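Scroll down for the structure; my scribbles are underneath it.
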There are 2 protein chains.
Amino acid sequence: MLETVTSMKTSEARDILAETARKGDAEKRGRKASKEVRQLQLIEATIDSLAKRGYAETTMADVADGAGLSRGIVNFHFESKEKLLIATLQHMYDEYSAHWRASLQKAGDDPARQLQQLVWADFDRSICNKRKLAAWLAFWGEAKSRPTYQALSSSRDNYYQQVFIDLCTTLKQSGSYAYEPQVMALALSAMLEGLWLRLMMGTEDTTRETALQAANAFLASAFPKHYG
Amino acid sequence: MLETVTSMKTSEARDILAETARKGDAEKRGRKASKEVRQLQLIEATIDSLAKRGYAETTMADVADGAGLSRGIVNFHFESKEKLLIATLQHMYDEYSAHWRASLQKAGDDPARQLQQLVWADFDRSICNKRKLAAWLAFWGEAKSRPTYQALSSSRDNYYQQVFIDLCTTLKQSGSYAYEPQVMALALSAMLEGLWLRLMMGTEDTTRETALQAANAFLASAFPKHYG
DNA sequence: CATCATTTGTTGAACATTCATTCAGTATGG
DNA sequence: CCATACTGAATGAATGTTCAACAAATGATG
C-alpha cells in the first residue's frame with residue numbers, strides 16, 4: 001500500500017542534509033555549507049506542500065514553515081515562487097530520469113526484458129508513492145496553461161516515447177505481431193500514465209500492486225509470445 | 001484535430017442562452033428569466049477560464065469578464081468561488097454522464113458493441129475537446145487535496161469501473177480469454193484516462209484520431225475474438 | 001593565537017498587490 | 001411601484017517580495 005502523505009514533512013530533507021554532511025568531506029557543515037543542501041531542503045518542502053495542499057494553495061510561507069526556516073528564505077535561494085516551482089519540477093524530472101535509465105541499464109540487451117523493466121520502474125516505491133504522485137498531478141494540472149512546465153515535460157516525454165516505439169518495433173519483428181509500433185507504444189505509455197493517475201487520485205481499489213498487475217496483463221495480451 | 005481554446009470565450013454560452021430563449025416558451029427572456037441561464041453562462045465562462053489560465057489563476061473577475069457581466073455577479077448567483085467551482089465540476093460530470101449513458105443505450109444488447117461504443121464515446125468531439133479536457137485536468141490537479149472534488153469524482157468513477165468489469169467478465173466467457181476481468185478493466189480504463197491526459201497536455205503527436213487508434217489496438221489485442 | 005573585518009546565510013517586519021466578498025444603490029420587468 | 005436581477009466601488013484578508021538588521025563562518029592581521 002502507498003504510505004500516507006501527512007507524516008514526513010521535513011524528515012526526508014533532514015536525512016539528505018545529514019547524509020550530505022556525513023559523506024561529503026569537502027562540504028562544510030552548519031551554516032555555510034548550505035547553498036545546495038538548503039535548496040534541496042526547500043524543494044522537498046515544496047513537494048510536501050504540493051502533495052498536501054495542492055498547487056493553488058501552496059504558499060511561500062507554507063514551504064518555509066515546512067522546512068523550519070524563516071519567511072524570506074525562499075526568495076534568497078530561489079529568486080521567486082515561480083523559479084522555486086520550476087526547480088522543483090526539474091528536480092522531480094531528474095530523479096525520474098535517473099531511475100528510468102538505471103532500470104534500462106539493469107535490463108541488459110534483451111528488448112523484452114528492457115520493456116518489462118521500464119514498466120516495473122514506473123511502479124517502484126522510490127518513484128511511485130503518494131507524496132510524489134500528488135506533486136506530479138499538481139504540476140500536470142497547471143502544465144497546459146504554463147509554457148515553462150510544458151516545455152520541461154514535452155522534450156523528455158518525447159524521448160521516452162521514442163524508446164517505447166523502438167522496443168515495440170523490435171518486439172513486433174521477433175514476435176510477428178500485427179500491430180503498428182507507434183500505436184501500440186502510445187497505448188502502452190498512455191496506460192502507464194493512466195494507472196499513475198488512478199494512484200494519484202487515491203481511489204481505494206487501485207494500489208501499486210493492482211496497477212502492476214494491470215500493466216502486466218497489458219503486456220501479456222499485446223505481446224503474448226514474449227510475456228504469455 | 002482539436003480546436004484551439006482561446007477563441008470561443010462567451011460564444012458557446014451565448015448559443016445556449018439563445019437556444020434556451022428560443023425553445024423555452026415558459027422561460028422569460030432578458031433580465032428576469034436569468035437564474036438558470038445566467039448560472040449556465042457563468043459555468044461556461046468558468047470552464048473557459050480554467051482552460052485558458054488553469055485552476056490557480058482562475059479568478060472571479062476573470063469569470064465575470066468572460067461572461068461579459070459585472071464583478072459581483074458570481075457571488076450573487078453562486079454564494080462563493082468554491083461553490084461556483086463545485087457547480088462547474090458537477091455540470092461537467094452531468095454532461096459526461098449523459099453522453100456516456102446515451103452511448104451505452106445506442107449500443108444495444110451486444111456486450112462487445114457496448115464496450116466499443118463506450119470507448120468511442122470518450123473520444124467524441126462533444127466530450128473530448130481541448131477546452132473541456134483542459135478544464136478536467138485543472139480539476140484533477142486539485143482533486144486530491146479537496147475532499148469535495150474527490151467525493152464528486154469517486155462515486156461516479158466507481159460506477160463506470162463496475163460496468164467495465166461486468167463487460168470484461170461477459171466477454172471473457174464468450175471468448176474464453178485467460179485474463180482476470182477486474183485487472184483487464186483497470187488496464188482498459190487506465191489507458192482511456194491516459195489517452196485523455198495526453199490529449200490534455202497538448203503534445204503534438206497525439207490527436208483524437210491517434211488516441212482512438214490506440215484504444216482500438218488495445219481492444220484488438222485484449223479481445224482478439226471480438227475485435228480482431 | 002586573538003582580534004577584527006568581510007563575506008555569506010538568515011531573519012522577520014514592512015510593503016504592495018491581488019483577489020474574494022460585501023453591500024448600498026441602480027435598473028428593469030411585471 | 002414592487003420585486004428582483006444586477007452593478008461596481010469599498011473592504012479586508014492573504015500572499016509574494018523586499019530589505020535593513022543580524023548572526024555565523026571564513027579570512028586577514030598583528
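By convention in this document, chain letters (A, B, ...) are assigned in the order of the sequence lines, proteins followed by strands, and residues within each chain are numbered from 1. This is a predicted model, so every value here is computed, not measured.
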Checklist entry - With distance as the sole criterion, is a donor-acceptor pair present between the side chains of Y93(A) and S153(A) under 3.5 Å? => result yes

Rounded to whole angstrom units, what separation is found between the [atom1] atom of [X] and the [atom2] atom of [N]?
X      : N       : atom1 : atom2 : value
F78(B) : dT22(C) : CZ    : P     : 16 Å
L84(B) : dC19(C) : CG    : C1'   : 15 Å
K81(A) : dT18(C) : NZ    : C1'   : 12 Å
K83(A) : dT17(D) : NZ    : P     : 10 Å
D65(B) : dA20(C) : CG    : C1'   : 14 Å
F76(A) : dA13(C) : CZ    : P     : 19 Å
I73(A) : dG12(C) : CD1   : P     : 11 Å

Check every atom of [options] against the side chain of [X] and return the nucleotide holding the closest atom.
X      : options                  : answer
N75(A) : dT7(D), dT21(C), dT18(D) : dT18(D)
T59(B) : dC19(C), dG9(C), dG16(D) : dC19(C)
R71(A) : dG12(C), dG9(C), dG8(D)  : dG12(C)
M60(B) : dA5(D), dT21(C), dG16(D) : dT21(C)
L69(A) : dT17(D), dA5(D), dT11(C) : dT11(C)

Checklist entry - Salt bridge or not for K132(B) and E95(B), using N-O below 4.0 Å? => result yes

Next on the checklist: Taking the six-membered ring for Trp, are F139(B) and Y149(B) closer than 6.0 Å centroid to centroid?
Outcome noted: yes

Next on the checklist: Looking at A56(A), is its backbone amide N or carbonyl O close enough to the side chain of E142(B) to form a donor-acceptor pair, meaning the two atoms are under 3.5 Å apart?
Outcome noted: yes

Next on the checklist: Does dA5(D) have its OP1 or OP2 closer than 4.0 Å to a side-chain nitrogen or oxygen of K35(B)?
Outcome noted: yes

Next on the checklist: Could you work out, with side-chain contact (heavy atoms from CB on, under 4.5 Å) as the rule, every residue matching Y160(A), not counting sequence neighbours?
Outcome noted: Y96(A), S97(A), W100(A), R156(A), D157(A)

Checklist outcome for this item: Assign each of E57(A) and E79(A) the nucleotide of DNA chain D bearing its closest heavy atom; nearer the 5' end lies the nucleotide of E57(A)

